[in-house]
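Before any comments, here is the structure.
Here, residue 1 is the first one in the sequence, and each next residue gets the next number.
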Amino acid sequence: MNKVLLIIQREYMVRVKKKSFILMIFLVPALIVAMFGVIYLITTYSNDMNKTRTVWVMDESGVFTGKFQNKSKLAFQTVTKSLVDEKSDLRKNEDDFLLVIPTDYSKTDAVQIFSKKEANFTIAGEIEDQMNTIATGNKMVTAGIDTLKLHAIKSNISIAAKQITDKGEQDSSIGAAYGAGIAGAILVYLALFIYGAQVMRGVLEEKTSRIIEVIVSSVKPFQLMLGKIIGVGLVGLTQFVLWIVLSSGVTYIAGNMLMKDKILPAKTAQMKEHQPIKIQTSPSNSTVPQSPAITAYNSFKTVNFPYILGCFLFYFLSGFFLYAALFAAVGSAVDSETETQQFMFPITLPLLFTYIISFSFLINNPDSTLAIWLSEIPFTAPVAMMVRIPFGVPGWQLALSMFMMVVGFLFTTWVAARIYRVGILMYGKKASYKELAKWFFYKE
């Protein structure tokens, strides 16, 4: 046991003392903050996004004249010149558009839009939506339907999600659960590949440099493999914990700044008008309109992050031990990194399959039979369960999944160790699945 601890200590200290490790601890959260900051600055101060575009409407049908509604970045004007002159003006004003609506506008591709720059999907989509609304209203009037009464009876209903738990009803957010599930699946998937590959490269480097022959003279192959796996796993755990702490601190500070910027202007405006100050915490009853940033912040407050983070750490460690053992076996079986591809794909295929369907099927059907089975099978559970957890998983399913993960990584470690003990001393012989099977059945 002391030898295993020494190997763990060496693998851990060698990696955490690297400048790249220390740099990445602070660089990753900083890059995430910088990315969102750049996106905010671009969307807020970009001239191309904030400039108002003018759409000149030439309506030969007379149905749409004066009925287009101006938007914040889109203004509609009726043409005052001929078609030839309007097209000539477009060459001078690259931000303008000319919308030509013929008498028979219902025909396919009958309506045309001219511009010096090609119209983007947002502008074209807005024009199409307004035209369809106007045309539908015109048909209703022709059919004798009172559109004023029709629009008056429209409702604006929003759904407030509530989750029933053993402690009672709790606020929840479908969007926040969706985001947390996708984020958890991506992080687990990347972590297993990144740190598992580190184990494989470490084994391969020691084998190709022949240093492994000296090491195994003092320690058993199983102890060496176990120490290397645990050491690299602790490095990954340390990095993720520090990223979580830093990211949580940045999120907390940013959230308080957003709330401060939102509440103080409301207080000031009410004090100037000598009105009583009323601050309500419920977004649905707030007298101040919620910005998208405030809405997102309030939504994510409904997510049980301590519970999700606890599950993430478990599935990261158990999934890492499971896949790292197999990666170590692959690293011991080959003589170069290019030879690892034939063994890597079958090993990672279950994880890759689960990752791909997470964005389409699992996230929309977290309680389906397929989702339940994938979250119980050890090779797919790390990704599948992280998708399901934000939506709520029955306790017995979570307990069974964790039990299967423990059994799974113990079994794979035993299998990988039997291949590892022979493979690390094999040189110059190209490994195959048949050879790996022989190594597995070799006696001690």
Could you walk me through whether R15 and E11 pass salt bridge (charged side-chain N to carboxylate O under 4.0 Å, His left out), step by step?
CA-CA 6 Å; R15 285 172 170 79; E11 294 292 333; 2.4 Å; yes
Under 3.5 Å, sequence neighbours excluded: what are the donor-acceptor pairs made by side chains of residues 396-406?
residue : atom : partner : partner atom : Å
Q397    : OE1  : R388    : NH1          : 3.1
Q397    : OE1  : R388    : NH2          : 2.7
S401    : OG   : Y315    : OH           : 2.7
S401    : OG   : S375    : O            : 2.6

Examine distances only and state if a side-chain atom of S115 and a backbone atom of F97 form a donor-acceptor pair shorter than 3.5 Å.
no
Does Y420 reach the main-chain N or O of A333 with its side chain, forming a donor-acceptor pair under 3.5 Å?
no
Hey, could you give me each pair passing side-chain hydrogen bond (donor to acceptor under 3.5 Å, both in side chains) that has a residue in [range]? Not counting sequence neighbours.
range	result
residues 123-132	E126-Q130
residues 345-363	none
residues 16-25	none

Could you grab the distance from atom [atom1] of [X] to atom [atom2] of [Y], nearest 0.5 Å is fine?
X	Y	atom1	atom2	answer
I127	F76	CD1	CZ	5.0 Å
I347	L326	CD1	CG	5.0 Å
F379	Y323	CZ	OH	6.5 Å
M140	N138	CE	CG	11.0 Å
I22	L27	CD1	CG	13.0 Å
F345	L352	CZ	CG	6.5 Å

Which word best sums up how the rings of F68 and F64 line up, parallel for under 30°, tilted for 30 to 60°, or perpendicular for over 60°?
parallel
With under 30° as parallel and over 60° as perpendicular, where do the rings of F316 and Y195 fit, or are they tilted in between?
perpendicular
Ring pair (Phe, Tyr, Trp, His ring centres under 6.0 Å) filter on F320, not counting sequence neighbours, yields none
Verify the distance criterion only: is there a donor paired with an acceptor across the side chains of T238 and Y12 at less than 3.5 Å?
yes
According to side chain to side chain contact (heavy atoms under 4.5 Å, CB included), who are the partners of A30, at least two apart in sequence or on a separate chain?
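Listed in chain order: nothing, the list is empty.
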Given side chains that start at C-beta, do those of I389 and M386 come closer than 4.5 Å, heavy atoms only?
yes
